Amino acid sequence: MTQLPGLLDIEAIRKDFPLLDRVVHDGKKIVYLDNAATSQKPRQVLDALNAYYERHNANVHRGVHVLAEEATALYEGARDKIATFINAPSRDEVIFTKNASESLNLVANMLGWADEPYRVDRETEIVITEMEHHSNIVPWQLLAQRTGAKLKWFGLTDDGRLDLSNIEEVITEKTKIVSFVLVSNILGTVNPVEAIVRRAQEVGALVLIDASQAVPHMPIDVQELGADFVAFTGHKMCGPTGIGVLWGRQELLEDLPPFLGGGEMIETVSMHSSTYAPAPHKFEAGTPPIAQAVGLGAAVDYLTSIGMDKIAAHEHAITEYAVKRLQEVPDLRIIGPTTAEDRGAAISFVLGDIHPHDVGQVLDEQGIAVRVGHHCARPVCLRYGIPATTRASFYLYSSPADVDALVAGLEHVRNFFG
Amino acid sequence: MTQLPGLLDIEAIRKDFPLLDRVVHDGKKIVYLDNAATSQKPRQVLDALNAYYERHNANVHRGVHVLAEEATALYEGARDKIATFINAPSRDEVIFTKNASESLNLVANMLGWADEPYRVDRETEIVITEMEHHSNIVPWQLLAQRTGAKLKWFGLTDDGRLDLSNIEEVITEKTKIVSFVLVSNILGTVNPVEAIVRRAQEVGALVLIDASQAVPHMPIDVQELGADFVAFTGHKMCGPTGIGVLWGRQELLEDLPPFLGGGEMIETVSMHSSTYAPAPHKFEAGTPPIAQAVGLGAAVDYLTSIGMDKIAAHEHAITEYAVKRLQEVPDLRIIGPTTAEDRGAAISFVLGDIHPHDVGQVLDEQGIAVRVGHHCARPVCLRYGIPATTRASFYLYSSPADVDALVAGLEHVRNFFG
Amino acid sequence: MKLDSMYQELILDHYKHPHGRGLRDGDAEVHHVNPTCGDEITLRVKYDGETLIDVSYEGQGCSISQASASVLNELLVGKDLSEAQKIQATFLELMQSKGKIEPDEAMEEVLEDAVAFAGVSKYPARVKCALLSWMAWKDATAQALGDAERKTA
Amino acid sequence: MKLDSMYQELILDHYKHPHGRGLRDGDAEVHHVNPTCGDEITLRVKYDGETLIDVSYEGQGCSISQASASVLNELLVGKDLSEAQKIQATFLELMQSKGKIEPDEAMEEVLEDAVAFAGVSKYPARVKCALLSWMAWKDATAQALGDAERKTA
Ligand SMILES: Cc1ncc(COP(=O)(O)O)c(C=O)c1O
Ligand SMILES: Cc1ncc(COP(=O)(O)O)c(C=O)c1O
């Protein structure tokens, strides 16, 4: 087996992930390279879910019975774990949502209903980038339509990076919010946070970072990022589906209005008017994803036990190897940075004029799971004049052998359609 | 053991629920009477969750690999199951949300952003009732504040029923939406749907029914209800946390605007504008609660295998017994209907001037889990001039022995504070 | 290999040498998108009375969607509306069969080359690719003949 | 019974025979709610210079929150601000100890009757009940003395 410096003990890690033993298509062990879409779950997370449901399940808060107290302690304990994981100054800055998309929509809606100085209206501007996931485009299009605000964005360079050359024209005194992706799910690009945050702060704009593809893969410190909000999603970081996170600065969470109304988010309700609980509860209407928070807490424990810096190093090594090996495939063009510098472990490419659907189908037949399409980032496909891409994306359990299988699979694709 | 006509085979059913074997406070087997807050989960649901994560986990839609196809089939298969369970005319009318609260907020937001004839604005009125859960009050207060619409409501009679005597003044030509609870989570009252729907249709108002406490406990046929929208939540019906449902009429779902924007809910996106996928996807932004939908599907299979009519009969028998036995406790006053007629299995009461917190605490010490407080329905407490109630609520695994334990526990409470 | 059941020789042939590709004059034009994958087609139909005299199209998509458009062109052009509709309905039935229909002789007679798509019906993610042009044709036809009706009305 | 550690005789006594209940004249009034359970208190403080000369209150709540307000009244009225603040801080520390602090003599000297609440700290859902009046007192004091400062400024 190919050995690369910085790899984790993959054999040991794979034992934690039951799905990786899955056999498909008459005896082929799955080669799971669709991690940017969702990650697999370690046994430890499934155990936490089962223990929650089998022993502690109850609705949280408001209960004096022992199950309610245990469930509350587990749920709020998960919040503590997430806060520590991202180095939040306060646990009360961690809001549980259903996914990153809800987290992003939550910010867009708060700003739409906010008072000055946060309010987005027809006098103001919103800034995003051309490499955003649809979940960080459509909420702003909706907000712009509904408030009359202007939506602006940074374009992309030919090699798959943000074009910040006109940053002073894009982010101006009118800008209220700048929302951008830390690591692109389609290009793999890691974006330069500091330059954008600095400019945003100069003009007094808020900054929201979509860290959906970053938090699972590298150490993230929200204080170091310097943003006002950071969004991410549980299912891509070994956690369950059905849970996302929004971190936000305490003062902002105090000042900004609620989004969804209902149980859990109130202080006191009468038919005539209501007052709201302090954050984070103000933004968590209804019964929260209790078991999912507990599962995400277990995921964070798991990732921490391995070490986020080690995971990042592992993925960097795999990415470096994959970028090199893929470029050996004839007619293959990587869409995005072609080196492992400032780059995550999602690699998009096109293979001659074979349509990505066909590439993906033939790879699947060999047990290799990749994603094909526009990866919820259609503007990137438009930008590079391609209908879609094939994307292979790696995680802590990915091995050089997975890369080799992919490369061999692509040879087979070329022969099939040759 | 007390035998009542219509009871299920409780011994057999309890074997399916691991949590019911839980022992608390030095050897007391739990008596779980907090089912209106959340239900326990049968083994069958946990198995479905585990099988999903261990064998099929992938992101849904857009995938050509075998796991993505399996996950999609499981997720969309769950939609089919829910549609059948509530007799929806079309599977495309079933929207997955994170909980009932999101379902209710979704409707409120759709109407706020809708075009005529649905649009709620300063010329129009919203109607709810005084017995709503906060999750069916606050979204409408927010909508009223944000649009200038007027919020009106039906009051309550002394015996815990809706006062519809002034229905013609409450629901008028100005009414755009009437939203009410089918079964109250605090009073237990089952509300007269037909009278309200008839009047709403007369004036052309839409009807939203909060069926959170109904769908888990009785056969529900959305076509028979005659409403336009029906909301409910997974965790109260043997399903996982983190999933809710909104059923809506197809034409309405086609006409109404989206709520959250992002992946999955689009047809095509460019930086300048986007178009939306048809319902239900239009209302499901981001990675959905995939495993939770699968778990809810398994819950629905489980409930169906027992039979919703049998579950309703079982609960009716238990409720009848509980109402009778509770009224034998000195100084106990039931808040809500005092017979089992048109009544669900949640029974609120006050016990002399002993505060519900103290009641709940002393019951807990005996292993009896009830809920205390205002049950997210504070206006009901205000209406009846009480600070809070103690609530015991039953489900398919509840037995007459549970009722006996509660009554004995309450005697103990009276002695303790006597 | 199981994959061969989807990628029949005939499908690959149509994909590599598509029939009637390109946009020509028509009575109606539609643009259809497969939202689950982003495949797109622009399609025009031209009728002479009840006879479909041309289907022209352009678009981007995988081998299945491209081959399917080519087969459609080959099969439907020159047919009467009612016959074309019957072919479309039969194709739809086959594609929605989840691999459970083994085309019999009667079906082969109706579908000709299009029976080669039987294998695709086993792949739910690809059924929409195969149907894209057929749905577009149906829509364009409704528009063209609706217009025609309006014109003669 | 474990419950006795929470419901000390002394707590039940204060609950049944509360000290200083009712609203009287004050320098500031606050209304606090425990959002997790709906307990409410309206509380007024009256200062003479630095001396707390009255705490009057009304509200609804469980035995713990009622008894705690009564103990507060008994303990703080007549004290100097700094002393009262020390008592409040010590009580807060005890309540947030999750049952891990066994009050020693020094603590008993400061808290007097209020040490009876040590057992409550084991019940997270009830800690807020015990703290409700104490948080209200702190808030009201800040308002009263803030006002006083402004008056003298
Ligand atoms: C009647 C009623 N409506 C709405 C809800 C809200 O459900 P959820 O908390 O799951 O959003 C509940 C339960 O909490 C309820 O009992
Ligand atoms: C960069 C990025 N942002 C946002 C999202 C949305 O996450 P979710 O689908 O969990 O809401 C994703 C993943 O789908 C993503 O890759």
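Every value quoted in this text rests on a predicted model; they were computed, and no experiment measured them. Convention: sequence-line order gives letters A, B, ...; per-chain numbering from 1.
- Taking chain A as the reference chain and counting heavy-atom pairs below 4.5 Å, the highest number among B:T38, B:V269, B:V64 is found for B:V269.
- Applying the side-chain contact (heavy atoms from CB on, under 4.5 Å) rule to A:N99 yields the partners A:S101, A:E102, A:T233; only residues at least two apart in sequence or on another chain are considered.
- Of the atoms belonging to B:W113, it is side-chain heavy atoms, and not backbone ones, that fall under 4.5 Å from chain A.
- Of the two parts of B:I243, neither the backbone nor the side chain holds a non-hydrogen atom closer than 4.5 Å to a non-hydrogen atom of chain A.
- The backbone N or O of A:S270 lies less than 3.5 Å from a partner atom in the side chain of B:Q141, making a donor-acceptor pair.
- Considering only heavy-atom pairs separated by less than 4.5 Å from chain B, the leading option among A:K236, A:Q40, A:H133 is A:Q40.
- With chain A as partner, the option from B:T97, B:L104, B:V370, B:L151 having the largest number of non-hydrogen pairs under 4.5 angstrom is B:V370.
- Checking A:N50 against B:N50 by side-chain atom types alone, a donor-acceptor pair falls below 3.5 Å.
- Contact annotation for A:Y32: only side-chain heavy atoms (C-beta onward) come within less than 4.5 Å of a heavy atom of chain B.
- Between the side chains of B:T241 and A:Q292, at least one donor N or O lies within less than 3.5 Å of an accepting N or O.
- For a residue to count as touching a neighbouring chain, one of its non-hydrogen atoms must lie under 4.5 Å from one of that chain's; by this rule A:V24 touches chain B with the side chain only.
- Residues B:H65 and A:I30 form no side-chain contact, since every pair of their non-hydrogen atoms from C-beta on lies 4.5 Å or further apart.
- If you tally non-hydrogen atom pairs under 4.5 Å between each of A:T268, A:L106, A:L20, A:L382 and chain B, the highest count goes to A:T268.
- Contact annotation for A:V45: neither backbone nor side-chain heavy atoms come within less than 4.5 Å of a heavy atom of chain B.
- Only the side chain of A:R43 comes within contact range of chain B, with at least one heavy atom under 4.5 Å from a heavy atom of that chain.
- Two residues are said to be in side-chain contact when any heavy atoms from C-beta on lie closer than 4.5 Å; B:I266 and A:I137 fail this criterion.
- The candidate from B:F17, B:F259, B:W140 with the greatest count of non-hydrogen atom pairs under 4.5 Å with chain A is B:F259.
- More than 12 non-hydrogen atoms from other residues, nucleotides or ligands lie less than 6.0 angstrom from NZ of B:K28.
- In this structure, B:E132 CD and A:M271 CE are separated by 7.5 Å, a value rounded to the nearest 0.5 Å.
- Contact tally against chain A (heavy-atom pairs below 4.5 Å) for B:E130, B:H272, B:E264, B:H56: the top residue is B:H272.
- Side-chain contact between A:L49 and B:Y53: present, with at least one pair of heavy atoms (C-beta onward) separated by less than 4.5 Å.
- Looking at A:L143, there are no atoms closer than 4.5 Å to chain B (heavy atoms on both sides), in backbone or side chain.
- Side-chain contact between B:R371 and A:N59 is present, with at least one heavy-atom pair separated by less than 4.5 Å.
- Looking at A:I128, only its side chain comes within 4.5 Å of chain B, counting heavy atoms on both sides.
- Of the atoms belonging to A:H375, not a single heavy atom falls under 4.5 Å from chain B.
- A:G286 approaches B:S135 most closely through the heavy-atom pair CA-OG, 4.4 Å.
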Exercise. Can you list the steps and then say if A:E54 with B:R22 is a salt bridge (Lys or Arg N to Asp or Glu O under 4.0 Å)?
Worked result: CA-CA 8 Å; A:E54 289 179 9; B:R22 174 70 195 275; over 6 Å; no
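- Per-residue heavy-atom pair counts under 4.5 Å with chain B were compared for A:G244, A:A293, A:S274, A:A100, and the maximum is reached by A:S274.
- Interface residue B:Q145: only side-chain heavy atoms are found under 4.5 Å from chain A.
- With a 4.5 Å cut-off on non-hydrogen atoms, B:E70 touches chain A through its side chain but not through its backbone.
- In this structure, no portion of A:V380 lies under 4.5 Å from any heavy atom of chain B.
- In this structure the side chain of B:V138 reaches within 4.5 angstrom of the side chain of A:Y276, judged on heavy atoms.
- Checked against side-chain contact (heavy atoms from CB on, under 4.5 Å), B:P356 has the following partners two or more places apart in sequence or in another chain: B:V372, B:A388, B:T390.
- The distance from the CG atom of A:N109 to the CG atom of B:L260 is 7.5 Å, given to the nearest 0.5 Å.
- Here B:P379 is the residue among B:P257, B:P379, B:A377 with the most heavy-atom pairs under 4.5 Å with chain A.
- Most heavy-atom pairs under 4.5 Å with chain B, from the set A:P288, A:G367, A:S273: that is A:S273.
- A donor-acceptor pair is defined here as one N or O able to donate and one able to accept, closer than 3.5 Å; such a pair exists between the side chain of A:N57 and the backbone of B:S39.
- The choice from A:A285, A:A144, A:C381, A:A68 that makes the most heavy-atom pairs within less than 4.5 Å of chain B is A:A285.
- Under the 4.5 Å side-chain criterion, counting only non-hydrogen atoms from C-beta, A:L67 is not in contact with B:D34.
- Options A:C376, A:G263, A:A108 differ in how many heavy-atom pairs under 4.5 Å they form with chain B, and the most are formed by A:G263.
- Interface remark: B:V60 contributes backbone atoms only to the contact with chain A (heavy atom separation under 4.5 Å).
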